[in-house]
Amino acid sequence: MEIAIVNANIPWQIDADALLFSFEKGIIETGSSNRILSRKPAKLIDAEGRIVIPGLVDAHMHLYSTALSFGRLDLREVESIEELKEKVKEATSKVPPGAWVIGRGWDQEKFREKRYPTRFDLDEASPENPVVLVRICGHVAVLNTRAMEKLGYLSHANELPSNLFQKEDGRPTGLIFEEAVESTMSRLPPPPTGLVKEWIKDVLKEYFSLGVTGLYSMSVELEELKLIKEVLWQPDTPTIDYFAYVDSSLMEADLGSFRDLVKGVKIFADGSFGGRTAALREDYNDSPSRGILRLNSEEIYRVAVKAYEKGWQTAIHAIGDRAVLEVLKTVERLPKGAVRIEHGSLVPPDLLDYVSKLKPEIAVQPHFILSDTWIEERLGERTKWVYPFKTLIERGATLMGSSDSPVEPINPWLGIYAAVNRGCPEKLAICKHTIHEKLSFEQALELYYRPAKKHPSLVILNVTRPPETKKEFAEIKATKIISRGRIHEPAP
């Protein structure tokens with residue numbers, strides 16, 4: 001069935017006010033209303049001057065973690081360790097003795113104390129209940145003493161690797177990094193399955209209300225695959241395309257029943273700027289270290305070849321320039337499209353030349369621009385090469401916009417705002433270094449709908465002109481979504 005949308009604001013084609021759409025082909029044609037109506041479409045929709053776009057796609061997020069965050073402590077707005085302790089104390093008072101308290105979102109750079117919290121801080125707030133608080137990036141966490149005892153970390157303190165467990169005078173401080181975070185989180189007791197499924201559905205509904213019709217979920221475990229398969233079949237679940245990049249532990253697993261959901265595998269070449277675990281070629285500006293390189297190009301290649309033989313794409317987390325280089329070496333050795341880069345955050349000129357040659361796919365997270373308020377402290381003059389979206393596009397890379405939720409808000413319009421404004425209204429240091437990387441509204445919007453061409457859908461927004469302020473971006477919603485043979489009106 002062909003559907004005509006008339007009286008529309010079409011951002012990528014200002015001389016057109018109508019388009020023709022079908023569920024099989026997506027957008028067939030744009031032009032004048034008379035031209036589109038001459039095709040005698042089966043259905044006519046008046047957009048009433050509103051902006052019409054393809055359905056948006058979040059190209060890198062973590063569905064299970066985002067769903068769990070609905071039932072955990074949100075620590076993103078905490079401004080001091082004292083406030084962190086108060087949040088923990090309050091949460092502990094609401095759960096039974098001995099129950100786990102789990103939270104996420106703290107950032108020591110935003111604390112007045114300008115230091116990491118330790119287990120001794122948390123012990124003051126919760127001496128009896130085990131507590132695990134994950135940093136905003138997901139690559140660092142802090143545990144209280146009771147949590148470390150329950151997990152056996154204190155009784156085996158001498159065996160804990162110092163690059164993953166911070167120690168002072170041989171005693172663990174409660175801070176853990178990278179693989180230790182992943183291992184710890186996998187050992188925590190999960191919430192009831194029914195509750196998690198409701199949280200997943202809530203996440204999907206929120207995405208749908210924002211005009212998002214496709215999700216690429218990263219580091220997916222078997223539990224997420226089982227839950228999402230059940231949730232997607234429920235009649236009140238939004239019609240969102242879901243694709244999984246599974247954790248490398250599932251490479252050899254029998255995933256036959258999830259074949260339609262699994263698109264690839266996700267692995268890590270390094271960590272994060274915030275935790276100083278992103279792998280750099282030179283020392284951090286504020287620390288005599290170069291981060292942690294978790295996989296080199298040969299190790300990445302071995303995984304990627306095995307994935308390619310299975311018909312999977314390999315998505316590789318690479319934030320620091322050293323990690324990005326290792327991934328680009330792998331991209332060069334495999335067929336085009338076999339590998340995609342996740343983040344690609346620090347790309348100096350020599351790596352930009354490499355990008356020009358290879359033209360890789362890169363999933364980027366524009367909202368990092370606003371969250372990494374401390375980036376100049378970490379990188380110094382290298383800040384001018386961080387999140388270089390405009391230059392990467394000019395060099396031929398295929399950029400895909402994403403949130404990395406729950407690290408950042410799931411709202412794609414806040415990501416688009418960040419890509420357009422580069423932190424300048426907020427007077428962030430990154431603005432002066434990278435103002436030349438600003439994208440237009442149309443360019444930033446295209447980051448999020450480029451992958452949607454593979455999954456045809458159309459969205460009519462609640463605005464008639466491009467937003468200008470952060471508040472206007474934040475208030476954008478979908479009024480109609482045309483997808484999978486139906487016209488949906490998302491709940492406000």
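The analysis underlying the following values was restricted to heavy atoms, covering all of them including side chains, and did not include hydrogens, waters or symmetry mates. Residues take their numbers from the sequence shown, with the count starting at 1. Since the structure is predicted, the reported quantities are computational estimates derived from the model, not experimental observations.
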Is the shortest side-chain N to carboxylate O distance from K390 to E437 below 4.0 Å?
no
Heavy-atom count check: over 12 atoms from other residues, nucleotides or ligands less than 6.0 Å from D254 CG?
no
The single option from R382, R276, R290 passing salt bridge (charged side-chain N to carboxylate O under 4.0 Å, His left out) against D283
R290
Tell me yes or no: between the side chains of T118 and T173, is some donor less than 3.5 Å from an acceptor?
no
Using the six-membered ring of F389, assess whether NZ or CZ of R422 lies under 6.0 Å from its centre and within 45 degrees of the ring axis.
yes
Could you check whether any side-chain N or O of D372 sits under 3.5 Å from a backbone N or O of I375, counting only pairs where one atom can act as donor and the other as acceptor?
no
What's the separation between atom OG in S402 and atom CD1 in I362, rounded to the nearest 0.5 Å?
11.5 Å
So, E408 and R76, do they make that salt bridge, N to O below 4.0 Å?
no
Is any side-chain heavy atom of I176 closer than 4.5 Å to one of V140?
no
Can a donor-acceptor pair be found between the side chains of W374 and D107 at a distance below 3.5 Å?
yes
Can you name the nearest heavy-atom pair linking W12 to P54, along with the distance?
CZ3-CD, 3.7 Å
With a 3.5 Å cut-off and no angle check, do the side chains of Y216 and D58 form a donor-acceptor pair?
no
If we count only N and O atoms by modelled type, under 3.5 Å, do the side chains of T398 and E361 hold a donor and an acceptor together?
no
Report yes or no: does R378 contribute a side-chain atom to a donor-acceptor pair with the main-chain N or O of Y284 at less than 3.5 Å?
no
How about H317 and H60: are their ring centres within less than 6.0 Å of each other?
no
Sidechain N-carboxylate O distance under 4.0 Å for K306, E252:
yes
Within a radius of less than 6.0 Å around CZ of R171, do more than 12 heavy atoms belonging to other residues, nucleotides or ligands occur?
no
Using modelled atom types and a 3.5 Å cut-off, is there a donor and acceptor pairing between side-chain atoms of K87 and backbone atoms of D74?
no
If we ignore hydrogens and angles and just use 3.5 Å, is the side chain of N421 paired with the main-chain N or O of Y417 as donor and acceptor?
yes
Between R115 and D121, does a salt bridge (charged side-chain N to carboxylate O under 4.0 Å, His left out) hold up when you go through it step by step?
CA-CA 12 Å; R115 69 171 176 84; D121 295 312; 3.0 Å; yes
Is it the case that atom NZ in K427 sees more than 12 heavy atoms from other parts of the structure closer than 6.0 Å?
no
Could you check whether any side-chain N or O of N144 sits under 3.5 Å from a backbone N or O of S126, counting only pairs where one atom can act as donor and the other as acceptor?
yes
Quick check on E149: does its CD atom have over 12 non-hydrogen neighbours (other residues, nucleotides or ligands) under 6.0 Å away?
yes
Rounded to the nearest 0.5 Å, what's the gap from CG on L280 to CD1 on I292? Could you check?
11.5 Å
State the OG1-CD1 distance between T434 and I369, to the nearest 0.5 angstrom.
6.5 Å
Polar side chain donor-acceptor pair, S403 to Q365, under 3.5 angstrom:
no
Judged by atom type as modelled, is there a donor-acceptor pair below 3.5 Å linking the side chain of W106 to the main-chain atoms of V78?
no
Please report the interatomic distance CD1(I410) to OG(S209), rounded to the nearest 0.5 Å.
7.0 Å
Show your reasoning for whether salt bridge (charged side-chain N to carboxylate O under 4.0 Å, His left out) applies to R146 and E128.
CA-CA 6 Å; R146 184 51 57 91; E128 301 300 329; 3.3 Å; yes
Would you check if W385 and D321 make a side-chain contact, meaning some heavy-atom pair closer than 4.5 Å?
no
Pair K197 + E230: basic N to acidic O under 4.0 Å
yes
Keeping W413 on the side-chain end and L210 on the backbone end, is there a donor-acceptor pair under 3.5 Å?
yes
For the student: nearest non-hydrogen atoms of T213 and G55, plus distance
OG1-CA, 3.4 Å
Can you tell me if Q313 and Y245 form a side-chain donor-acceptor pair at under 3.5 Å?
yes
Is there side-chain contact between V212 and V57, with heavy atoms separated by less than 4.5 Å?
no
Over all heavy atoms of both residues, which pair between P348 and R281 is shortest? Give the atoms and the distance, please.
CG-NH2, 3.6 Å
Is a side-chain donor or acceptor of D270 paired with a backbone partner of A323 at a separation under 3.5 angstrom?
no
Without swapping roles, check the side chain of S183 against the backbone of A180 for a donor-acceptor pair under 3.5 Å.
no
How far apart are the closest heavy atoms of I300 and A269, and which atoms are they?
CD1-CB, 4.2 Å
R187, R294, K266 screened by salt bridge (charged side-chain N to carboxylate O under 4.0 Å, His left out) with E182, the one that passes:
R294
Is there a side-chain contact between L84 and L122 (heavy atoms, below 4.5 Å)?
yes
In terms of side-chain heavy atoms, does T373 have a donor or acceptor partner in E109 at a distance below 3.5 Å?
no
Under 3.5 Å, is there a donor on one side chain and an acceptor on the other for T184 and Y153?
yes
Please determine, by modelled atom types, if Y301 and E332 share a side-chain donor-acceptor pair under 3.5 angstrom.
no
Any Lys/Arg nitrogen of K432 or E376 sitting under 4.0 Å from an Asp/Glu carboxylate oxygen of the other?
yes
Nearest heavy-atom pair of A444 and Y448: which atoms, and what distance?
O-CD1, 3.5 Å
Do R119 and M148 come close enough that some side-chain heavy atom pair is under 4.5 Å?
yes
Looking only at atom types and distance, does a side-chain atom of D247 sit under 3.5 Å from a main-chain N or O of E221, one as donor and one as acceptor?
no
Rounded distance (nearest 0.5 Å) linking atom OH of Y449 with atom OG of S457
12.5 Å
Atom pair CE/CD1 of M185 and I102 - distance to nearest 0.5 Å:
5.5 Å
